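A short worksheet on the structure shown next.
Quick caveat: nothing in here was measured; it's all calculated off a predicted structure. Whatever order the structure lists ligands and atoms in, that order sets their numbers, starting from 1. FYI, side chains are in, hydrogens and waters are out, and symmetry mates aren't considered; it's all heavy atoms of this structure.
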Amino acid sequence: MIRVTCLVGARPNFIKSAPLLRAMRSRASRIRCRLVHSGQHYDYVMSQTFFDELGLPAPRINLGVGSGSHAEQTGKIMTACERVFRRERPDWVVVLGDVNSTLAGALAAAKLHIPVAHVEAGLRSFNKRMPEEINRLLVDHVSELLFCPTRQAVENLKAEGIRRGVHRVGDVMYDAVRQYLALARRRSTILRTLGLAPRTYALATVHRAENTETPERLAAILSGLSRSGERVILPLHPRTWKVLRRLGRRVVSMPRLRLIPPVSYLDMLMLEQHARVIVTDSGGVQKEALFFRVPCLTVRDETEWVETVESGWNELVGADAGRIGEALTRLRRRGYRPPWHTRSISRQPFGDGHASERIVELLLRG
Ligand code: UD1
Ligand code: UDP
């Protein structure tokens, strides 16, 4: 029997952990997992909704750290994790993705000589101004097991001299979509609630620091969307709401933009699947757009999910109102087929939907 502590803290962590915890439960005679929640995200719509909807076990402990500056938040999570890890001495600490909780958990464990397993290892944007890039770099360099979603991720690690413990397993977010889509179709009423018919709207999300800390970038994205003639549904992260409140009515009253609170995962899957185009700066949403074969515009200057761009289904348009508007017009003219060269995706670049089972087997092998 091996004992694993899995640390989660932010919205994408909860989603990524769902298929993984399910795979661990199916091997309950050989692996016992304790879930620890850092408290990085705490609003119902950013945290508890995922536990309720995805059937996640209640975390054994919620460290209740909350928001703060990077150092403050990371430091508090590290301190609290150190206490828990020292007491529990798990065989593995599993961390997911690239948020501050991921970094804090990995550092705390590594310094206690508890081996770290990183799910979603090897991703790189090559932009160190992104807090997530710093987190990824550091976590990968202290991890013993590195579970890569893609071939490119393995290559990125190789280029940094990391070869030991590296496994290409596929993407747990693809596992999650496959596992929860049928449930979403049965349970979600979001299209009816919002009065939306399939393929009549664009779905957009914006929350990256680079797009919210510079209000001009956020204003440019919203203005590009608003002037595009698309009806746009925007489930907005609390961070973005805060900036919008500062920007005031000028933005909030933009015609054709429908700003709504963050939605649950099942609702998000339905909104994504039936959108005619997705505009986002989220890592996870870019991939989900590809899973559903919905064309995506990414309002960033680079992406770590290069496969989405190479496949032709994702285009980088920056935070540029003109480029966003032009790309949407081009798409409309082509009946919402990607206007750029589209390579047919013969093989799913994100695995076969069984990444989580592979991760569990590799943890068992040590
Ligand atoms: C974090 C991750 C980002 C990820 C995102 C997923 C880091 C450095 N960034 O960004 O990679 O894409 O989560 O959603 O870890 N807030 C609330 N309620 C909440 C949570 C946050 O109001 O439940 C507000 C607070 O004002 C907070 C701000 O959002 O200061 C930012 O939250 P934080 O967790 O620091 O970063 P995210 O922007 O959520
Ligand atoms: N998501 C959600 N509700 C929302 C917005 C996003 O459930 O209102 C889901 C989305 O489908 C994806 C994940 O959250 O699975 C992505 O998380 P986020 O965009 O917060 O972070 P990132 O992937 O950029 O780190």
Taking the basic N atoms (NZ, or NE/NH1/NH2) and the acidic carboxylate oxygens, is any pair closer than 4.0 Å for R330 and E315? yes
No-hydrogen, no-angle side-chain donor-acceptor test under 3.5 Å, S125 and E133: yes
Distances only, to 0.1 Å: what are the N or O pairs between ligand 1 and the protein that fall under 3.5 Å?
unit_1	atom_1	unit_2	atom_2	d
ligand 1	11 (O)	E132	OE2	2.6
ligand 1	11 (O)	R208	NH2	3.3
ligand 1	12 (O)	H207	NE2	2.8
ligand 1	12 (O)	R208	NH2	2.8
ligand 1	13 (O)	H41	NE2	3.4
ligand 1	14 (O)	H237	NE2	3.4
ligand 1	15 (O)	Q40	NE2	2.9
ligand 1	15 (O)	N100	N	2.8
ligand 1	18 (N)	Y42	OH	3.4
ligand 1	18 (N)	D43	OD2	2.9
ligand 1	22 (O)	K242	NZ	3.3
ligand 1	23 (O)	Y42	N	2.9
ligand 1	23 (O)	D43	N	2.9
ligand 1	26 (O)	K242	NZ	2.6
ligand 1	34 (O)	Q40	NE2	3.0
ligand 1	34 (O)	H41	NE2	3.3
ligand 1	38 (O)	R239	NH1	2.6
ligand 1	39 (O)	H41	NE2	2.7
ligand 1	39 (O)	H237	NE2	2.9

Could R323 and E326 be called an ion pair, given the rule that one side-chain N must be under 4.0 Å from one carboxylate O? no
Protein residues near ligand 2, heavy-atom distance below 4.0 Å? R11, P12, I15, F50, M173, H207, R208, P235, P262, V263, S264, Y265, M268, E272, S282, G283, G284, V285, E288
So that I can tick it off, tell me whether D301 and R217 are bridged by a salt bridge, with the cut-off set at under 4.0 angstrom between side-chain N and carboxylate O. yes
Is the F291 ring parallel, tilted or perpendicular to the Y174 ring (thresholds 30°, 60°)? tilted
Does a donor on one side chain and an acceptor on the other come within less than 3.5 Å for T280 and T205? yes
NZ/NE/NH1/NH2 to OD/OE distance under 4.0 Å, E132 and R208: yes
Which residue pairs pass the side chain to side chain donor-acceptor pair (under 3.5 Å) test when at least one of the two sits in residues 58-72, sequence neighbours left out? Y42-S67, R60-E88, S69-E72, H70-N100
Residue pairs meeting side chain to side chain donor-acceptor pair (under 3.5 Å), one or both in residues 9-20, sequence neighbours left out, come to K16-E120
